[in-house]
Amino acid sequence: MIPIVDFSAYGLNVNTVGDDELQQLADSVYKAFTTVGFVYLKGHGLPKTQISDVYNVSQKFFDLPEEVKMRYAIPKGEYYGYAPMEGERLNPSQPGDLKETYSFIPYDGTTPKIIPKEELPNFYSDFETLFRSCEKLGKRVLQIMALGMKMERNYFDQYHSKIGSLENTSCIRFLNYPPVPDDKEIEAGQLRLGEHSDYGSITLLIQDDIGGLEVASRDGTFVSATPVVDTVLVNIGDMMQRWTSDTLLSNRHRVVVPTDEKLRRCARKSMAFFIQPDNSTIVKSLDGSNKYEPINALDYLDMQFKKAYGQSN
Ligand SMILES: O=C(O)CCC(=O)C(=O)O
Ligand SMILES: [Fe+2]
């Protein structure tokens, strides 16, 4: 259901590319985003070592005792840092998600208290390096999307110029879904990650080979988004759907607990790079239709985060 598109014409190791090639790529990506809202990109050029460095350092972080991890918990009213098991509900009507996460943004100069620099000296630099590469790739995808919409290639750039600063909430979120023990009592409706759509512009997702991610199809049933080796799965977020008056689709997805006993006993790991518009952006229909009320990007995100944390944050 989710198409695989070869992005190598505009992958990160490419500096010059012809207009025809770009438009062809844009047309394929546009088709995916206007039908399923998800696309697997191969040939994206994200360096494998940068990805494995973040996987390794995150593994070490999640292996720390809970009380150590809690020192790096997301401070009240903020977005970045550690969120423990069952601490979040991406579907606010269901029980807490069976996952723990760590969300990262680069900080200018000061190292905030959510960075475990004593336990893991490379943590910050490993995350920052990958963050910068994901940022570059994400901006290329936004350009391809603009071309697909028959707009100026750099249209979205102006609204994503503050990524990696406190004026933009784009972040890397590492998700750890621990093994589900045989005696774990799973509440009705409890998932590894509750059904939701993402909030921002686009999300880049790198998943391991365990599986469990499911994406809604048109008839409302969920279909597996099977891991495809060396690809990045890209999807549209709610604000982009509003911006484009429902042309690009922000599709619902979730991560289920595997029914297979062996798989349940395996941890699953994934890494999402959420690209959000700059905080001060007013997102309003590009076609002038006013299909949706104009919204401020930061207000919208704040509202969604509060729902996921049950208003407690
Ligand atoms: O873990 C995954 O595969 C999906 C993560 C996700 O959808 C999210 O964090 O918004
Ligand atoms: Fe998501």
Side-chain angles (χ1 to χ4, degrees), residues 1-2 33 36-41 46 51 54-55 58-59 62 74 79-92 94 96-105 127 130-131 134 138 141 169-180 190-216 222-241 248-258 263-264 266-276 300-301 303-309:
M1 181 182 84
I2 303 174
F33 284 159
V36 247
F38 276 77
V39 68
Y40 292 102
L41 297 183
L46 280 180
I51 298 170
V54 168
Y55 263 73
S58 301
Q59 177 71 56
F62 289 118
I74 302 176
Y79 308 124
Y80 315 109
Y82 175 66
M85 279 292 277
E86 303 184 51
E88 251 186 3
R89 299 156 190 262
L90 276 209
N91 180 345
Q94 296 293 353
D97 296 333
L98 296 169
K99 67 166 191 330
E100 51 181 350
T101 59
Y102 186 92
S103 301
F104 173 92
I105 58 160
F127 264 91
L130 184 62
F131 185 102
C134 288
V141 177
T169 56
S170 300
C171 70
I172 292 188
R173 177 144 82 145
F174 200 95
L175 300 103
N176 183 43
Y177 302 90
V180 180
Q190 192 167 31
L191 298 179
R192 276 191 153 165
L193 179 72
E195 182 185 329
H196 68 285
S197 52
D198 293 346
Y199 313 141
S201 301
I202 54 172
T203 305
L204 313 181
L205 184 85
I206 296 169
Q207 52 171 333
D208 67 11
D209 57 2
I210 298 294
L213 177 65
E214 297 183 340
V215 172
F222 277 86
V223 182
S224 152
T226 314
V228 181
V229 99
D230 290 341
T231 61
V232 172
L233 184 59
V234 185
N235 64 286
I236 298 292
D238 298 342
M239 279 196 267
M240 185 57 72
Q241 173 164 333
L248 306 184
L249 302 175
S250 174
N251 200 350
R252 298 186 76 72
H253 51 285
R254 66 186 187 187
V255 179
V256 297
V257 178
L263 282 178
R264 283 161 78 102
C266 294
R268 175 176 187 270
K269 292 180 176 25
S270 64
M271 199 206 72
F273 185 67
F274 298 106
I275 298 186
Q276 329 273 26
Y300 183 79
L301 283 170
M303 190 176 76
Q304 299 302 331
F305 278 121
K306 287 209 165 84
K307 278 191 215 157
Y309 287 98

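Index from 1, following the sequence. Every number for a ligand or one of its atoms is a count from 1 in the order of the listing.
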Arg254 NZ/CZ over Phe222 ring centroid, <6.0 Å and within 45° of normal: yes
Asn235-Asp198 side chain donor-acceptor pair, cut-off 3.5 Å: yes
Thr203 contact mode with ligand 1 (heavy-atom cut-off under 4.0 Å): neither
Proximal atoms of ligand 1 relative to Asp198 (non-hydrogen, under 4.0 Å): 10 (O)
Candidate list Glu195, Glu214, His196, test side chain to side chain donor-acceptor pair (under 3.5 Å), partner His253, passing option: His196
Protein residue, atom and distance nearest to atom 3 (O) of ligand 1, heavy-atom basis: Arg268 NH2, 2.9 Å
Atom indices of ligand 1 within 4.0 angstrom of Arg173 heavy atoms, with elements: 9 (O)
Nearest protein heavy atom with distance in Å, relative to atom 4 (C) of ligand 1: Leu193 CD2, 3.7 Å
Geometric N/O contact His253 with ligand 1, under 3.5 angstrom: yes
Matching residue for Asn176 among Lys99, Gln59, Arg268, Lys269 - test: side chain to side chain donor-acceptor pair (under 3.5 Å): Lys269
N/O/S atom name from Asp198 that is nearest to the position of the Fe ion (ligand 2): OD1
Residues Tyr55, Asp208; criterion side chain to side chain donor-acceptor pair (under 3.5 Å); working and verdict: CA-CA 10 Å; Tyr55 263 73; Asp208 67 11; 5.7 Å; no
Phe274 neighbourhood, listing ligand 1 atoms whose heavy-atom distance to it stays under 4.0 Å: 8 (C), 9 (O), 10 (O)
N, O or S atom within His196 nearest to the Fe ion (ligand 2), by name: NE2
Distance flag, aromatic centroids of Phe273 and Phe131, threshold under 6.0 Å: yes
Sub-4.0 Å heavy-atom contact, His196 with ligand 1: yes
Polar side chain donor-acceptor pair, Tyr199 to Gln276, under 3.5 angstrom: no
